[in-house]
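Before any comments, here is the structure.
Chain letters run A, B, ... following the sequence lines, proteins first, then strands; residues in each count from 1.
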There are 2 protein chains.
Amino acid sequence: MIYFREISEKKSNKLVANKNSIIRLSRYKNALTRLKAMGFVKVFSDNLADAVEVTPSQVRKDFSLFGILGNKRGGYKVDELIEKLNSILGKNELQNVVIVGAGHMGTALMRYKGFEKEGIRIAACFDTDENKLDRNAKIPVLPISEMQEFIKKKKIRLGIIAVPDHAAQEVLDKLLEAGIKGILNFAPIKLNGPEEVVINNVNIELELENVIYFVNVKDKAKVKV
Amino acid sequence: MIYFREISEKKSNKLVANKNSIIRLSRYKNALTRLKAMGFVKVFSDNLADAVEVTPSQVRKDFSLFGILGNKRGGYKVDELIEKLNSILGKNELQNVVIVGAGHMGTALMRYKGFEKEGIRIAACFDTDENKLDRNAKIPVLPISEMQEFIKKKKIRLGIIAVPDHAAQEVLDKLLEAGIKGILNFAPIKLNGPEEVVINNVNIELELENVIYFVNVKDKAKVKV
DNA sequence: TAGATTGTTAATCGATTAACAATC
DNA sequence: TAGATTGTTAATCGATTAACAATC
């Protein structure tokens, strides 16, 4: 992937975007819309740093990494900044997504309010279970046999996998075959896909196990007293 | 929190557990149960490294960090290793959890199969909406007014927040008041709690936005050709 | 102008990887 | 014993923070 490397690395071998910096951009953007609502027209790296709980250096570094320039002494204009962040984050165009699996998790995601206001639209959900189908719903639930055609016809690039573990790899293969480029995977297994496909895993058990571990550590630390 | 620092840092100022190392421990453990099912009695750092896609150095480093010792030349005994990892991860005792919010996400989590086999038990779910209550279900859905007493009586330490943004902070405060020590939060807002409480945030929008960003980057990289 | 804030370079910090002596 | 693998120390890599010259 030579061409990707060209834009993802600076000459100086300092790497550009990593996952954390993108997450921070999203947070800056959210903070900015709040600040805007409060009447701010300009912001300084200080303000954003406070809002997102990072250092001002981090803010300026992130911006400079993505080519966002402010005005020395004058900070950043809120409107321009929001616009630029939206553009970087791909928020200027509606993002169509399909969900595979209309079980509990898939249904929760279908109903999830957070997506719409972020410019994410669930185009359809797919399932093998006939009882779950609902062609006429606002977000239709369709048989998985129609999935690939649907994706191709609507040129959808993003898919969410919310099926049981044992079905996940097969679903992934089908999605990729149909042209999907990015995956958010809720099945707690490692999926194999080609390098050029973006796969982000959300593993709820692992997240909860993490909490358990740190609670235990702190507990033991206290007992030690 | 002097006492916590004492055990969380080595003399040499090398820090012990960070979130990533704990996640890796969970993955080692999962890999090991698979290897065990395949008949393995011993494993080498090589095997685990392959299974989890890290370097053998990483595996040995992680183990040494948590005081897990193998046998030079003989690797690690699978059963012992699983046992030790379970103990570190707090898997030897059943972990009771309450869910707050019986909306789509809360319900999905209640029905989530992954928890049980990891020794996590959902003791109850709480909601303000009377229509959602169900005292007699296997996992009862109770009014939020009974939450604090329930938590205290059953000495529950872990809570999952799955309520709308605007209710999340209030729910957190109540949970902490009742004695909850660790939180998994699905509401996409920053929660304020005292330092000694463990709060882990799962933000599904951010995760999907991340996918969108990297898909766009790769797309543009290709067009550039 | 004087003061404040950016943008970038250098320093620091932390986590991962490599190397290798110890030893089973 | 010879060979292989651990456990740990040192080297590397990457990300965050600090510092400061440029400049509005």
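For the contact set between residues 74-86 of chain B and DNA chain D, defined by any heavy atom under 4.0 Å, the members are Gly75(B), Tyr76(B).
Glu209(A) and Lys91(B) are joined by a salt bridge, as a carboxylate oxygen and a charged side-chain nitrogen come within less than 4.0 angstrom of each other. Ion pair Lys29(A)/Glu118(A) flagged as a salt bridge, since at least one NZ, NE, NH1 or NH2 atom sits closer than 4.0 Å to an Asp/Glu carboxylate oxygen. The existence of a salt bridge linking Glu53(B) and Arg24(B) is excluded, since no basic side-chain nitrogen approaches an acidic carboxylate oxygen closer than 4.0 Å.
Looking at Val43(A) and Tyr28(A), their side chains never come closer than 4.5 Å, going by heavy atoms from C-beta outward.
Not one side-chain nitrogen or oxygen of Asn71(B) sits closer than 4.0 Å to the OP1 or OP2 atom of dT5(D). Within the 4.0 Å cut-off from OP1 or OP2 of dT16(C), at least one side-chain nitrogen or oxygen of Arg24(B) is found.
Atoms CE and OG1, on Met105(A) and Thr107(B) in that order, are 11.0 Å from each other to the nearest 0.5 Å.
Listed here is the closest heavy atom pair of Asn30(B) and Thr33(B): O-OG1, 2.8 Å.
Scanning atom types as modelled, no donor and acceptor separated by under 3.5 angstrom connect the side chain of Lys72(A) and the base of dT5(C).
In this structure, the nucleotide among dA15(D), dT6(C), dC20(C) sitting nearest to the side chain of Ser45(A) is dT6(C).
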Under the rule of Watson-Crick or G-U wobble with both distances under 3.5 Å, where | means paired to another strand and [ ] a crossing pair, DNA chain C maps to ..||||||||||||||||||||||
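Of the two residues contacting DNA chain C, namely Ser57(B) and Leu69(A), the nearest-nucleotide position lying further toward the 5' end is that of Leu69(A). For Arg73(B) and Thr55(A), each mapped to the nucleotide of DNA chain D holding its nearest heavy atom, the one lying further toward the 5' end belongs to Arg73(B).
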